[in-house]
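A quick note: this is a predicted structure, and the numbers were derived from the prediction, not measured. In the text below, chain A, chain B and the rest are named by the order of the sequence lines, each starting its count at 1.
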2 protein chains.
Amino acid sequence: MLNERSLAVHNDCEECPIRHRAVCARCETDELERLEEIKYYRKFEAGQTVIWSGDRMDFVGSVVSGIATLTQTMEDGRTQMVGLLLPSDFVGRPGRATAAYDVVATTDLVMCCFRRNPFEEMIAHTPHIAQRLLEMTLDELDAAREWMLVLGRKTAREKIASLLSIIARRDATLNMQGADGPRTFDLPLTREAMADYLGLTLETVSRQMSALKKDGVIHLEGKRHVTVPDMDRLMEEAGDDSDGGMLV
Amino acid sequence: MLNERSLAVHNDCEECPIRHRAVCARCETDELERLEEIKYYRKFEAGQTVIWSGDRMDFVGSVVSGIATLTQTMEDGRTQMVGLLLPSDFVGRPGRATAAYDVVATTDLVMCCFRRNPFEEMIAHTPHIAQRLLEMTLDELDAAREWMLVLGRKTAREKIASLLSIIARRDATLNMQGADGPRTFDLPLTREAMADYLGLTLETVSRQMSALKKDGVIHLEGKRHVTVPDMDRLMEEAGDDSDGGMLV
DNA sequence: CGCGTAATTGAGGGAATTCAAATAATGTGG
DNA sequence: CCACATTATTTGAATTCCCTCAATTACGCG
């Protein structure tokens, strides 16, 4: 296993792949310089736990690359994913010393972390950071509320279609695919993680994936590689407006 | 029906009942004075719609008194409540001109509204407001995530118990009842609204209310007046830790 | 190639829904 | 103040969708 110090793939914020989407997006050069003083990189392997709910948390940070999940667990083991953390997403809450959720790396993960106390100092004195963090938090709140509709009111088939369409759309944004035509992507989640996201069992997820495949809504190569021949069709299956029902 | 102008029950922020909990909580006197220039009160009767999803929204604001709901609706009519707005809660999103959800007054409602553009100006130049709004948004995000666990993983009985315990706890905060001993409160929601909150049908809500009553977890006088003889018992029924599992 | 993990598929059961009807609460006009 | 209409709630019966338990198949890796 590699030493953590050697894992800082880049140190210069200006060249950071999430420079313009993360919490630092609005920062000027001098503000970035101050951030660089309190930042450090951490790398996790797929499956590793970043932090356990209830543990002391002395940092906040951004996902630089890879995917992590935010989950809540009941005493009897029932698990609900409450967030999917993608590159540029923010982890942790200023003003809170304890993690409220389990954070687990789903793929290999690189995080840009800031020591919590100095970061809170910076928030108080750097409006650019506070404003960006507010904007990101409002976006997350919208996403959470969108997900409440999925969890509370959609059928298993619609839930799967909803998840697939979210992943497909995000992937299109990242890889700048055209708006129409078939889309192809790799599922970053196991069937079990999908189930935890959707409030289903992994068996139901598997069955509905098979059903969507049988009905030609998706094609599967292997278990994880998905092709969506017709995004509108998938959106219909998700129970969404064909116009996307986008908030922004 | 009364004229809206006559409904401003109070104009002075210093005497406002939500002065220390709303978005203006951290404001100094001079900041309040500027807020007073762009604020106006609006009153709604129980059942009235404050704004429809998709409509243009030229204001943001705080609930001063009464209760409102935030709901999302699918084309076929399935409805999911995504927020319950209590006194001091914030409505609207800075930077967004269109309402993302339906907002409906559940009881008679008084709102303190700010014209959106001047308010956005103020956010940019008044850190006290931006910081408070960030804090409130983070709290709402936590509440939404807590609710995702309820929606995704809890049984109907647990869902009802969860809702009752939330309302009971909030009521205790407002009315400063002791932490232990029986608690009494009025349900501010119809069975249908409860169902929309919990992702259930109103029949299931009714059945589970009856079951909790039969089992002595709650007592009912009329349909809306609830007594909880033992809060710990209710929390157990909700599937929560008896220590409350509180985040803050 | 064999082992462990991930995923699929099947059968049966159960929790919540749907459809339907009865009852209680609330409001309205005479 | 009461008969009536309307809405809210409860309760029942049948159905359905998803879960649980169980067995099998595919995949990835030493």
Mark yes or no for whether B/W147, through its side chain, and A/A144, through its backbone, hold a donor-acceptor pair below 3.5 Å.
no
Do side-chain atoms of A/Q72 reach the backbone of A/M81 as a donor and acceptor pair under 3.5 angstrom?
no
Shortest non-hydrogen contact from A/K154 to A/S162?
NZ-OG, 3.1 Å
Just the rounded figure in Å: distance from C1' of D/dT10 to CE of B/M209.
12 Å
Taking the side chain as every heavy atom from C-beta outward, state whether B/L198 and B/Q208 have any atom pair closer than 4.5 Å.
no
Nearest atoms (heavy-atom pairs only) where B/I18 meets B/S88
CG2-N, 3.6 Å
Taking only the side-chain nitrogens and oxygens of B/T204, find out if one of them lies under 4.0 Å from OP1 or OP2 of C/dT17.
yes
Atom pair CG (B/D230) and CD1 (B/I218), whose distance is rounded to the nearest 0.5 Å
13.0 Å
Should the side chain of B/E203 and the base of C/dC19 be counted as holding a donor-acceptor pair, with the cut-off at 3.5 Å?
yes
When you measure from the side-chain N and O atoms of B/T201 to the phosphate of C/dT17, is any distance below 4.0 Å, counting only OP1 and OP2?
yes
A/K154 NZ to D/dC17 P, straight-line distance once rounded to whole Å:
18 Å
For the side chain of B/R207, starting at C-beta, report the closest nucleotide among C/dT9, C/dA16, D/dA13.
D/dA13
Let's see if you get this right: which residues in residues 188-196 of chain A place a heavy atom under 4.0 Å from DNA chain C?
A/T190, A/R191
Any donor-acceptor pair under 3.5 Å joining the side chain of B/R78 to the base of C/dT17?
no
Can you pull out the residues from residues 216-228 of chain A that lie within a 4.0 Å heavy-atom distance of DNA chain D?
A/K223
Do B/R93 and A/D139 pass the side chain to side chain contact (heavy atoms under 4.5 Å, CB included) test, and can you show the C-alpha distance, the side-chain angles, and the key distance before you say yes or no?
CA-CA 10 Å; B/R93 173 169 171 162; A/D139 285 341; 2.9 Å; yes
Is the backbone of A/V104 close enough, under 3.5 Å, to the side chain of A/D102 for a donor and an acceptor to pair up by distance?
no
Atom CG of B/L200 to atom P of D/dC17: distance rounded to whole Å?
17 Å
Taking CG from B/L202 and P from C/dA20, how many angstroms apart are they, rounded to a whole number?
15 Å
Distance in angstrom units between B/I160 CD1 and C/dA15 C1', rounded
14 Å
What is the distance, to the nearest angstrom, from the CG atom on B/L198 to the C1' atom on C/dT17?
15 Å
So what does B/G47 hit on the nucleic acid, given a heavy-atom distance under 4.0 Å: a base, only sugar-phosphate, or nothing?
nothing
Which atom of A/M194 lies closest to which atom of A/L187, heavy atoms considered:
SD-CD1, 3.9 Å
First encountered from the 5' end of DNA chain C, between A/R153 and A/S206:
A/S206
Inspect the surroundings of CD in B/E203 and state if more than 12 heavy atoms from other residues, nucleotides or ligands are less than 6.0 Å away.
yes
Rounded to whole Å, please give me the gap between CZ in B/R157 and P in C/dA16.
11 Å
A/L212 atom CG is separated from C/dT8 atom C1', nearest whole Å, by 15 Å
